Amino acid sequence: MSESTSEAASAAPYRYTHALAAQIEARWQDRWEKDGVFAAPNPVGPLADADAAGAAEKPHAFIMDMFPYPSGAGLHVGHPLGYIATDVYARHLRMTGYNVLHTMGFDAFGLPAEQYAVQTGTHPRVTTEANIAKYREQLRSLGLGHDLRRSISTIDPSYYKWTQWIFLQIFNSWFDPSVQAARPISELIAKFESGAMATPDGRAWSALAPAERDEVLGEYRLAFVKQAPVNWCPGLGTVLANEEVTADGRSERGNFPVFKANLRQWMMRITAYADRLIDDLDLLDWPEAIKLQQRNWIGRSEGAKVDFAVHTTEAGAGDAAITVFTTRPDTLFGATYMVLAPEHELVDSIVPAAWPTAEGGLPDEWTGGFATPTEAVAEYRRQAAAKTDIERQADAKTKTGVFTGAYAVNPVSGELVPVFVADYVLMGYGTGAIMAVPAHDSRDFAFARAFKLPMRCVVQPSDDRGTDPSTWDESFDSYDAAIVNSANDFISLDGLGVVDAKKAITDWLASQGIGEGTVNFKLRDWLFSRQRYWGEPFPIVYDEDGVAHSLPQSMLPVELPEIEDYSPRTFDPDDADTQPETPLSRAEEWVNVTLDLGDGPKQYRRETNTMPNWAGSCWYELRYVDPEDDTEVVNPVNEAYWMGPTEAKKAGGVDLYVGGAEHAVLHLLYARFWHKVLFDLGHVSSCEPFHKLFNQGMIQAYVYRDERGFPVPAAEVEERDGVWYFEDKVVSREIGKIGKSLKNVVAPEEVTGEYSVDTLRLYEMAMGPLDVSRPWDTRAVVGSFRFLQRLWRTIVDEETGEVVVTEETPDEETLRALNRAIDGVRTDLAGLRFNTAVAKATELNNFLVKRGSTPRVVAEQAVLLVAPLAPHIAEELWEKLGHEESLTHALLPEADPAYLVEDSVTCVVQIKGKVRARLEVPPAIDDAELEALALADPAVVAALGGAEVRKVIVRAPKLVNIVV
RNA sequence: GCGGCUGUGGCGAAGCAGGCAGACGCGCCAGGUUUAGGUCCUGGUGGUGGUGACACCGUGAGGGUUCGAAUCCCUCCAGCCGCACCA
């Protein structure tokens, strides 16, 4: 290889080889950096230009990638796909006159560095910063045009100072329902002080002790501490957000079991924003699939709360009400029993001492064989509590439960309905209690069958099953039917459709004071504290009463202390009966501080939890806008310039945000929530952070497995006659993720080392549409390399290095090819269709190669056209063509419409939809003339064979279809 | 189970508003350069039949709408993703 390379090199010293490409690429990367060509000026502040006014005149765009966690393994070829795409897009925008903000930061707090630190004792900052340096180097070598002045890292105190500051904004706010927005907590305090709002127990605000006031405010703050059932993961030694727990009750990270535990934790009141988070999705240019996932996760459902009277057994308590949430109040007449979640607080107070007497005795299914309801309920609750989510899930098919011994009253039918405890009703949703309508709900149906409960049909089935549910195989759940069997002395729903019936019964319940229309959400408040070292400390201290105080901005950032042992205390992953213990709590000197928070120096204890990994990524787009501002989170002028709402993006936000679909609910929901709080408090002018979202597909790779099913190194597999061999043994092939465990990692350096960076960029863009996953095929990369070599040869003599373009005036055909390419490439780049843009550039190149020589004006425009995709070779050729300035801000050529119109068009003549002839006709030909021409064509006459022409459809100038 | 997305040559894919299916690339075949192989260059390449200009068949399967369907509608199948007792 080395020998032949040198042969080739001596024969053609100026050929575009990997060696020459490497020189070119290094040279241009240095020059871009030295000249700061990607620096995007701000209107004001340290990043403003001398010519700030000039920049403000230009159109501008903010392009962003989801920033990476800098892992120790570095990048593989799958990672840069989106980065290259945004770079190509950003470069294309710069070449159409835009001021483009494009940079890259690092999401650098995280578990791997901490775990490495636990193992080796190396400070996570050391490993993380080394990894960041490596990433920066790799990103630079891909020729990505980032404004490096704007690059941030979430672990820098200068950055997390503002993460903490935003936390305090949230902490010091409440959600005012009257304006549906966050307001400063001081406004709430004023309402309490003035008496405009009553305290929970009616005492005057001034009569409350500080700790009591704190407790009251805690019910309103958007960030608050709460004793709540949380996801406790002993294996990780930390608690997790709902979003971080998989459906089978394990941690998304590490796959450890997760248990419910009642712990005091920081929460964020994201539920207050549920409506706005759903509604504002309509303002965004996001893939529908992602919007749908967010809507489903928030899970808004409209229904009603209804009270069922129930007799309590506690002395003197009298009757109580079980409040249920239902989306089908129209089926209230069909409610034949009720279910409480095992954790429901009313359970204890309604259970009677003895089983009620019933005709023929209670079924065994109801009593579970226990002598008293107390025993039966206690045992069932014990079992339910012991179940993990995994077991609960596995048991989902078979319904379990037990009768409480109590009856409630159906408020419309007046019937006594038995009250059950069953774990198919979840405490965390609605009111933790349901009215069961077995005839019209599949879950209730299954339960009713298992427990021999009565059913009543109140919705007329639209099929032929009849109205006796005892003969049915399944419940009838449809919304598209009429209500029957639903009347009492005061109201009748009979004959109404579902929608009308819902409204009628809801109004009636409200008038009776036993129900009201309500909206319910699946979304839970966001668990915001973690028992970790490597995260942002909370800017919170506690006084001797345990009251939380926020630190003033002047005391930010609260930096992480140096400690000996970075690990949280972890436990046997299966031991649910454990408590978290934070690493920071061991840093005694840091924890106990004397501070003057306005009323003289006092002793305080710092909060020792840290923020979750999502905190830093919740607002980094804002810091990109104004990375050096030390007095405010972002200057409002700069924010409005880059992110402010416009006619085209009503909610404002980043113009284009590219990243993987795996962040559909986590990062994207949290970031939207924070942004909305900042918007409400007047810190930003945009109410959404990301206007257009684009999910890039994944680059996958072949995985080869031996006969035992273990992956073998993909790089060492050989193909012979369609069969794959590893060490002469046949292996199977499939498509999988790129990763170490599947032994199919391809590093970008393997490609750039053999070909060039531009080759890698071009190949990744040419492989297919950006949003589709596709397999990496190392063999196919050479195609992109050949394209660049051909491009090079059309302009440079490989032997002499001289420019070989001609000074001739391009002919008509060449101008057509050129302008077609200009038009196609421009529209494709603007539409993020990079694969077809590459194809059109290739077509032009192939045309020029065939032509044999290239006129200078054509060469120059061709170079500009490929510059966004393959910037290094384009810069080099641009320079060789005599230009001294970098083409970063050169203008992309615009197509001359005169050359986009063909002077003759191929018209297809179809007979019965099949192509029988082709005619070359002028584009302006009219229908009648074209029809005459087509019918006279010999091939058409022959194909018709004298058959009678019934109808002729003419779409001049492209098509004639003859019907016989 | 519910919801969503995707099915086009040997492979990655084009075809964006219903009008020439397969642009561009890989691979493969033939030829050229080369002592040879590789690189590089030129040409060909959906399938079947024919020496042949050509014919027939072809966009997961089946049906429908239409002069005309990869594209629109219905049913089914397969793969991927999300949610998962959410009342």
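Heavy-atom basis, side chains included; hydrogens, waters and symmetry copies ignored. Each chain gets a letter, A, B and so on, in the order the sequences are listed, and its residues count up from 1. If you're wondering where the values come from, they're calculated on a predicted model, not measured in any experiment.
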**Request:** For A/Phe834 and B/C16, give me the distance from atom CZ to atom P, rounded to whole Å.
**Result:** 19 Å

**Request:** Give A/Val954 one of three labels, base, sugar-phosphate or nothing, depending on what nucleic acid heavy atoms sit under 4.0 Å from its own.
**Result:** nothing

**Request:** Looking at every strand, decide which applies to A/Glu843 at a 4.0 Å heavy-atom threshold: base, sugar-phosphate, or nothing.
**Result:** sugar-phosphate

**Prompt:** Would you call the rings of A/Phe325 and A/Tyr429 parallel, tilted or perpendicular, where under 30° means parallel and over 60° means perpendicular?
**Reply:** perpendicular

**Message:** Quick check for you: among B/C20, B/G19, B/A14, whose closest atom lies nearest to any side-chain atom of A/Ile953?
**Reply:** B/G19

**Prompt:** So, is A/Arg820 close to the B/A23 phosphate, meaning a side-chain N or O under 4.0 Å from OP1 or OP2?
**Reply:** no

**Item:** side chain to side chain contact (heavy atoms under 4.5 Å, CB included) partner of A/Ile298, the single match among A/Ile278, A/Ile270, A/Val665
**Value:** A/Ile278

**Message:** Going by the glycosidic torsion and a 90 degree boundary from 0, is the base of B/A14 oriented syn or anti?
**Reply:** anti

Show each protein N/O and nucleotides 11-13 of chain B N/O combination with a separation under 3.5 Å, one pair to a line.
{"residue": "B/G12", "atom": "O2'", "partner": "A/Met767", "partner atom": "O", "Å": "2.7"}

**Message:** Students often get this wrong, so: under 4.0 angstrom with heavy atoms, is A/Arg916 touching a base, only sugar-phosphate, or nothing?
**Reply:** sugar-phosphate

List, with names and distances, any nitrogen or oxygen atoms from the protein found under 3.5 Å away from nitrogen or oxygen atoms belonging to nucleotides 4-10 of chain B.
none

**Message:** Below the 4.0 Å mark, does B/C24 have OP1 or OP2 next to a side-chain nitrogen or oxygen of A/Asn845?
**Reply:** no

**Prompt:** For the pair made of CG in A/Leu829 and P in B/C24, what is the distance, rounded to whole Å?
**Reply:** 18 Å

**Prompt:** P atom, B/C83 versus B/G47: distance in rounded Å?
**Reply:** 43 Å

**Request:** Give A/Asn846 one of three labels, base, sugar-phosphate or nothing, depending on what nucleic acid heavy atoms sit under 4.0 Å from its own.
**Result:** sugar-phosphate

**Request:** Quickly work out the A/Phe785 CZ to B/C40 P distance and round it to whole Å.
**Result:** 8 Å

**Message:** Quick check on RNA chain B: between A/Asn296 and A/Ile962, whose nearest nucleotide comes earlier from the 5' end?
**Reply:** A/Asn296

**Message:** At 4.0 Å (heavy atoms only), tell me whether A/Arg790 reaches a base, stays on the sugar-phosphate, or touches nothing.
**Reply:** sugar-phosphate

**Asked** Checking all strands, does A/Lys522 fall into the base, sugar-phosphate, or nothing category for heavy-atom contacts under 4.0 angstrom?
**Response** base

**Asked** Reckon A/Asn695 touches a base, only the sugar-phosphate, or nothing at all at heavy-atom distances under 4.0 Å?
**Response** nothing

**Request:** Specify the closest pair of heavy atoms between A/Ser784 and A/Tyr763, including all atoms of both residues, with the distance to one decimal.
**Result:** OG-CA, 3.3 Å

**Asked** With ring centroids as reference points, do A/Trp792 and A/Phe787 lie under 6.0 angstrom apart?
**Response** no

**Asked** A/Arg786 has an atom CZ; how far is it from atom C1' of B/G43, in whole Å?
**Response** 15 Å

**Asked** Base, sugar-phosphate, or nothing for A/Ser301, non-hydrogen atoms under 4.0 angstrom?
**Response** sugar-phosphate

**Prompt:** Rounded to the nearest Å, what distance is computed from the CZ atom of residue A/Arg955 to the C1' atom of nucleotide B/A17?
**Reply:** 13 Å

**Among B/C40, B/C20, B/C85, the nucleotide that comes nearest once only the side chain of A/Val908 is considered** = B/C20

**Request:** Look up atom OG1 in A/Thr827 and atom CD1 in A/Ile822, then write down how far apart they are to the nearest 0.5 Å.
**Result:** 11.5 Å

**Prompt:** A/Lys850 NZ to B/G44 P: how many Å, rounded?
**Reply:** 7 Å

**Item:** C1' atoms of B/C57 and B/A21, separation to the nearest Å
**Value:** 14 Å

**Message:** Between the base of B/C85 and the side chain of A/Lys399, is there a donor and acceptor pair under 3.5 angstrom?
**Reply:** yes

**Request:** Decide, for B/G46, between syn and anti: a glycosidic angle within 90° of 0 counts as syn, anything else as anti.
**Result:** anti

**Prompt:** Start at the 5' end of RNA chain B and walk down; is the nucleotide closest to A/Arg793 or to A/Gly430 reached first?
**Reply:** A/Arg793

**B/A78 to B/C85 separation - P atoms, rounded to the nearest Å** = 25 Å

**Integer-rounded Å distance: B/C26 P and A/Glu764 CD** = 17 Å

**Asked** Between the base of B/C20 and the side chain of A/Arg918, is there any donor-acceptor pair under 3.5 Å?
**Response** yes

**Message:** Within the 4.0 Å heavy-atom criterion, would you say A/Ala780 contacts the bases, only the backbone, or no part of the nucleic acid?
**Reply:** sugar-phosphate

**Message:** Can you confirm if the aromatic rings of A/Phe447 and A/Tyr337 lie within a centre distance of less than 6.0 Å?
**Reply:** yes

**Request:** Select base, sugar-phosphate, or nothing to describe what A/Gln789 touches, counting heavy atoms under 4.0 Å on all strands.
**Result:** sugar-phosphate

**Request:** For a side chain to side chain contact (heavy atoms under 4.5 Å, CB included) with A/Leu332, tell me which candidate from A/Val324, A/Leu509, A/Val437 qualifies.
**Result:** A/Leu509

**Prompt:** Should the pair A/Tyr702 and A/Tyr704 be assigned to parallel (<30°), tilted (30 to 60°) or perpendicular (>60°) ring geometry?
**Reply:** tilted

**Item:** Separation between the C1' atoms of B/A69 and B/G1, rounded to whole Å
**Value:** 34 Å

**Asked** How many Å lie between CH2 on A/Trp776 and C1' on B/G25, as a whole number?
**Response** 13 Å

